[in-house]
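These numbers were taken from a predicted model, which means no experiment stands behind them. Each chain gets a letter, A, B and so on, in the order its sequence line appears, and its residues count up from 1.
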Amino acid sequence: MARKYNPQEIEPKWQKYWAEKEMHTVKKDDSRPGYYCLDMFPYPSGIGLHVGHWRGYVLSDVWSRYKTLQGYQVLHPMGWDAFGLPAENYAIQHKVHPAKAVKVNVENFKRQLHDIGAMYDWNREVNTTDPEFYKWTQWIFANMFKKGLAYRKEMPINWCPDCKTGLANEEVVNGACERCGAEITKKNLNQWMLKITAYAERLLTDLDSLEWPERVKKMQSNWIGRSEGAEITFEIEGHGETVTVFTTRPDTLFGATYMVLAPEHPIVSAITSTEQNGAVKSYVEEALKKSNVERMIEDKQKTGVFTGAFAINPINDGKVPIWISDYVLMDYGTGAIMSVPAHDQRDFDFAKEFNLPLQVVIRPDGETFEADDLTEAYTGPGKMVNSGEFDGLAWEEGKKKVTDSLASRGIGKAMVNYKLRDWVFSRQRYWGEPIPIIHCEQCGMVVVPDEDLPVRLPDVESYEPTGTGESPLARIEEWVNTTCPECGGPAKRETDTMPQWAGSSWYFLRYPDPHNSEKPWSEEAMEKWMPVDLYVGGVEHAILHLLYARFFTKFLHDLGIVSFEEPFNRLFNQGMIYKDGAKMSKSKGNVVSPDELIDRYGRDSIRLYELFIGPPEVDVEWSDQGFEGVARFLNRSWNLITEIIEDDRFIEPTKELERECHGLIKDVTERLEDMKLNTAVSAFMSYVNFLNKEKENGIDRASLETLVLLLSPFTPHFSEELWQILGHEESVFKEKWPEYDPKKLVADEMELPVQINGKIRDTLTIDINASKEDILAAAKALPNVVRNMEGMRVVKEIYVPKKIVNLVVK
RNA sequence: GCCGGGAUGGCGGAAUAGGCAGACGCAUCGGACUUAAAAUCCGAUGGUAUUUUAUACCGUGCCGGUUCGAGUCCGGCUCCCGGUACCA
């Protein structure tokens with residue numbers, strides 16, 4: 001009796017074999033073409049891995065092993081995103097130093113990742129909290145500073161009162177902290193900013209060249225939020241001042257019946273009339289107090305106050321009142337708008353609220369509506385009316401003509417605006433890369449010279465956030481006080497740290513050359529590996545991480561140290577795995593741990609089920625029962641192969657065996673290429689079902705070997721063992737991925753469905769090479785066809801080669 | 001509100017490029033093996049109708065269209081999921 005499939009025995013055996021033979025070590029002197037398959041590196045939480053985490057890692061590993069078999073040298077590394085709030089909050093909660101917590105968690109995570117059986121090259125492991133790594137994070141920041149892309153600015157920023165730190169726009173979700181869910185307030189702080197807006201246009205246009213899911217590209221382009229329009233300058237009556245507005249609708253300028261400034265607009269106090277002074281002052285104060293959430297929740301009821309001042313509409317010298325309202329945001333455009341209530345819904349609502357006049361200036365042909373007829377703003381297309389010399393112009397043309405006219409008079413110009421804001425890059429927390437800047441009384445802000453990097457995080461007793469807007473580092477005098485690298489005088493270190501996204505914005509550049517102490521990376525390493533060929537990770541990083549990483553890469557390109565402009569050629573977002581309808585979490589108690597499954601079924605079964613569970617990009621529900629199916633499949637396959645060997649029931653290949661075998665190669669290869677891995681697994685199942693029916697007659701060796709080989713990226717331990725049992729000395733991963741022979745796929749006969757008036761009536765089995773005439777004749781002779789055609793006349797005969805016959809009868 | 005994505009048996013899901021809807025798996029039912037159970041193996045399994053057999057009709061969220069033929073294409077809806085939120 002052949003021995004049973006025993007994953008508990010064979011899985012450790014092969015993991016040991018791979019390690020001893022250094023099969024996953026990426027060596028420098030390898031002439032194979034490189035292929036870079038990257039997982040988004042995790043932050044090592046204390047909770048560890050569950051089956052949901054496995055999904056992306058299994059997928060990238062299947063792909064890496066497939067590429068290996070195709071003859072590539074595959075770089076498939078792993079590392080740790082260990083700075084940042086999650087790690088720090090965990091450490092505070094458990095009262096351990098974050099560095100210690102990270103160390104323990106990394107070890108645990110690594111052990112669990114080993115279970116997957118993935119071909120990670122652990123020699124290239126990176127850790128963002130390693131000074132040898134963050135040295136280069138600081139180095140990149142220093143270069144941004146030198147290029148004027150990192151700057152300091154005092155401004156009201158998003159502040160999380162729970163995490164006690166400032167946050168980037170991208171980290172605020174529905175007015176709440178992305179990490180802890182606390183309501184975000186505004187806090188005026190002197191902040192480090194990165195000028196990501198300088199790259200807005202390139203970040204937008206280069207999306208076109210990327211092989212990424214459309215929705216991710218769309219999310220990024222919405223986030224960047226490009227809009228074309230014009231800036232128009234209005235004079236303020238009796239003040240000698242001007243206000244510039246941004247509008248996407250210069251064609252509606254004749255309909256601008258009032259103007260609105262953001263409450264924070266700097267000119268407000270200067271233009272407010274004495275009578276209005278009190279009202280304006282208290283409105284501004286109220287507006288500043290409101291949090292983002294309050295501003296949103298207040299059902300969009302428009303509020304505002306008249307300033308008492310008037311502006312002159314430059315196109316028709318009309319006198320328009322200037323109001324302030326919080327529906328105009330200071331940090332978009334110019335913080336001021338011209339209001340066209342007839343053609344903008346927000347302006348319409350405001351005008352109705354405060355009884356301001358409307359003027360229709362755009363109307364489609366055939367319509368006659370006037371201001372009084374409108375119950376909502378008309379925002380559609382049309383021709384300009386009530387617009388003097390511009391009357392009759394189509395709106396799109398009007399935009400251009402009006403802008404040109406203003407430009408010629410020097411009071412307006414075409415303008416592009418972006419929603420994207422500069423990146424708030426300081427955190428008032430301990431656990432991050434120190435920002436490598438020194439404040440000198442004499443020299444001002446001085447960047448730490450390269451030779452003094454890294455600026456190490458000092459060891460401290462208390463790393464808890466202060467909440468004052470100052471980082472805990474500020475309290476460590478012996479660290480803060482230093483000397484100026486330029487004048488040698490007394491100076492203080494910058495005490496803010498970088499956000500978690502800093503290290504992850506470039507870590508993928510370090511794996512190709514992770515131990516380089518001279519440079520962040522060598523040119524050869526970049527040349528061989530970058531850009532990343534396939535990047536696998538969750539869609540939750542669609543904006544944050546992926547946008548920041550693209551920005552860093554473009555900056556490094558401009559710095560001349562990388563040749564490419566985009567870091568990730570192809571992106572794949574795996575779906576999440578739910579249990580009981582919810583995301584797995586410890587608090588919900590619905591976590592499925594791989595440990596138990598490993599003991600009962602083995603790693604390869606989990607790998608296979610992770611793939612079989614559903615289309616890889618779609619969210620799915622975990623099913624313990626469904627799991628049994630793949631476990632049975634592996635047992636059946638094992639038994640089939642070992643029985644054939646045991647009983648020596650090998651035969652010469654038959655035509656049918658060959659056809660099915662080559663059909664399997666074709667299906668599995670195509671489905672892999674399309675990332676339809678769930679259907680690739682079902683192809684294996686169908687094939688084994690077929691072989692099981694054949695086993696009494698015996699099976700040829702090639703059929704079994706091909707099966708084991710094709711399965712190897714999916715179930716590497718299983719395949720290695722069977723490959724050995726089949727008599728091979730070398731690892732199955734030294735083999736080549738097979739190619740199918742199209743000639744072997746062709747059968748002698750085919751089955752053709754025969755329709756009458758589009759309804760299937762019978763099936764015709766006929767020689768594959770039969771002529772159209774023969775086929776139609778045979779089809780018409782089929783008993784059920786004859787029956788259904790009785791008394792009818794054929795008016796049309798359709799034969800789609802090798803697909804279908806359809807007879808149209810009357 | 002706007003922008004994406006989706007809806008197929010009891011369930012998860014298949015269906016290159018308009019050509020046999022429901023592959024594969026789960027669950028269920030029947031059978032074999034067993035003293036028995038588990039495991040395993042074999043078979044059935046979208047719905048309705050007809051006594052059998054087989055056949056007919058219906059069936060991919062809803063309504064309509066194009067076509068010899070529509071899950072697939074076009075027009076109009078409904079619901080669900082994700083992103084975004086006064087961005088001028």
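Using a 4.0 Å heavy-atom cutoff across all strands shown, A:Phe627 reaches no nucleic acid atom at all. Among the protein residues, A:Asn784 comes within range of the sugar-phosphate backbone only, with heavy atoms under 4.0 Å from sugar or phosphate atoms but none that close to a base. Residue-level contact check: A:Glu797 touches neither bases nor backbone, having no heavy atom under 4.0 Å from any strand. A:Lys218 comes within 4.0 angstrom of the backbone, heavy atoms only, and of no base. Note on A:Ser686: only backbone sugar-phosphate atoms sit closer than 4.0 angstrom, heavy atoms only; bases stay farther off. A:Ser227 comes within 4.0 angstrom of sugar-phosphate atoms only, judged by non-hydrogen atoms across all strands, and of no base. Looking at heavy-atom distances under 4.0 Å, A:Asn678 makes contact with sugar-phosphate atoms alone, never a base. No engagement by A:Asp667 is indicated, since no non-hydrogen atom pair under 4.0 Å with the nucleic acid exists. No contact: A:Arg226 has no heavy atom under 4.0 Å from any strand.
The side chain of A:Thr679 lies closest to B:A15 when the candidates are B:A15, B:A88, B:C24. Which of B:U16, B:A88, B:G13 sits closest to the side chain of A:Lys803 comes down to B:U16. Closest to the side chain of A:Asn689, from the set B:G13, B:C24, B:C86, is B:C24. Distance from the side chain of A:Arg215 is smallest for B:G4 among the nucleotides B:A56, B:G13, B:G4. If you check B:A21, B:C57, B:G83 against the side chain of A:Ile760, the one that comes closest is B:A21. Comparing B:U84, B:G12, B:C86 by their closest approach to the side chain of A:Phe612 singles out B:G12. Comparing B:G43, B:G25, B:C20 by their nearest atom to the side chain of A:Ile804 picks out B:C20. Among B:C57, B:G13, B:G83, the nucleotide with an atom closest to any side-chain atom of A:Met219 is B:G83. Listed nucleotides B:C57, B:A88, B:U40 differ in distance to A:Arg632; the shortest reach to its side chain belongs to B:U40. Residue A:Arg636 places its side chain closer to B:G25 than to any other of B:G13, B:G25, B:G82.
Atom-to-atom, CD of A:Glu673 to P of B:U16 comes out at 18 Å; the value is rounded to the nearest Å. Spacing between atom CD1 of A:Ile756 and atom P of B:C57 amounts to 11 Å, rounded to whole angstrom units. Between the CH2 atom of A:Trp223 and the C1' atom of B:U84 there is a distance of 8 Å, rounded to whole Å. Per the geometry, CG belonging to A:Asp331 stands 11 Å off P belonging to B:C86, to the nearest Å. Protein atom CE of A:Met750 is 14 Å distant from nucleotide atom C1' of B:G19, rounded to whole Å. Per the geometry, CD belonging to A:Glu696 stands 10 Å off P belonging to B:C42, to the nearest Å. Distance, A:Asp580 CG to B:C11 P: 18 Å, rounded to whole Å. Between the P atom of B:G1 and the OH atom of A:Tyr327 lies a distance of 21 Å, rounded to the nearest Å.
Look at B:C73: its Watson-Crick or wobble partner, with both distances under 3.5 angstrom, is B:G65. Across all strands shown, nothing is found opposite B:A37 as a Watson-Crick or G-U wobble partner with both distances under 3.5 Å. The pairing partner recorded for B:G43 is B:C29, the criterion being a Watson-Crick or G-U wobble arrangement whose two distances lie under 3.5 angstrom. Pairing for B:C24 is with B:G12, a Watson-Crick or G-U wobble pair whose two hydrogen-bonding atom distances lie under 3.5 Å. For B:A54, the paired nucleotide is B:U50, the pair qualifying as Watson-Crick or G-U wobble because both relevant distances are below 3.5 Å. In this structure, B:C2 forms a base pair with B:G83, meeting either the Watson-Crick or the G-U wobble geometry with both donor-acceptor distances under 3.5 Å. Across the strands present, B:A17 finds no partner; the criterion is a Watson-Crick or G-U wobble pair with both atom distances under 3.5 angstrom.
Residue-environment remark: CZ (A:Arg649) exceeds the threshold of 12 foreign heavy atoms within 6.0 Å.
Comparing the C1' positions of B:U8 and B:A23 gives an interatomic distance of 13 Å, to the nearest angstrom. Separation of the C1' atoms belonging to B:G59 and B:A7 is 15 Å when rounded to the nearest angstrom. Straight-line distance between the C1' atoms of B:G5 and B:U53: roughly 48 Å, to the nearest whole Å. Atom P of B:A36 sits at a distance of 11 Å from the matching atom of B:A32, rounded to the whole Å. Taking atom P in both B:A27 and B:G82, one finds a spacing of 30 Å when rounded to whole Å. Here, B:C33 and B:U16 have their P atoms 43 Å apart, quoted to the whole Å. Taking atom C1' in both B:C80 and B:C74, the straight-line distance is 24 Å, to the nearest Å.
The aromatic rings of A:Tyr5 and A:Phe718 sit perpendicular to each other, their planes meeting at more than 60°, with 30° as the lower class boundary. The aromatic rings of A:His541 and A:His545 sit perpendicular, their planes meeting at an angle over 60°, well past the 30° parallel limit. Taking the six-membered ring for Trp and thresholds of 30 and 60 degrees, A:Tyr258 and A:Phe350 have nearly parallel ring planes, at less than 30 degrees apart. Taking the six-membered ring where tryptophan is involved, the planes of A:Phe246 and A:Tyr332 are perpendicular, since the angle between them exceeds 60° and thus also 30°.
A donor-acceptor pair shorter than 3.5 Å cannot be found between the side chains of A:Thr248 and A:Ser227. A:Tyr327 and A:Asp347 share a side-chain donor-acceptor pair at under 3.5 Å. Side-chain atoms of A:Asn784 and A:Arg787 include a donor-acceptor pair closer than 3.5 Å. Using modelled atom types and a 3.5 Å distance limit, the side chains of A:Gln220 and A:Trp212 yield no donor-acceptor pair.
Toward the 5' end of RNA chain B, the nearer of the two residues A:Asn692 and A:Gly225, judged by each one's closest nucleotide, is A:Asn692. Two residues, A:Lys666 and A:Lys759, neighbour RNA chain B, and the one matched to the more 5' nucleotide by heavy-atom proximity is A:Lys666.
The base of B:C86 lies close enough to the side chain of A:Lys302 for a donor and an acceptor atom to sit less than 3.5 Å apart.
Side-chain atoms of A:Arg607 come within 3.5 Å of backbone N or O of A:Phe714 as a donor-acceptor pair.
Under 4.0 Å is where a charged nitrogen must lie from a carboxylate oxygen, and between A:Lys780 and A:Glu797 at least one such pair does.
With its glycosidic angle within 90° of 0, B:G9 is assigned syn.
Checked against A:Leu634 for a side chain to side chain contact (heavy atoms under 4.5 Å, CB included), the options A:Val688, A:Leu608, A:Asn639 give a single hit: A:Leu608.
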Could you list all N or O pairs between the protein and nucleotides 64-68 of chain B that sit under 3.5 Å apart?
{"residue": "B:C68", "atom": "O2'", "partner": "A:Asn806", "partner atom": "ND2", "Å": "3.2"}
{"residue": "B:C68", "atom": "O2", "partner": "A:Asn806", "partner atom": "ND2", "Å": "2.4"}

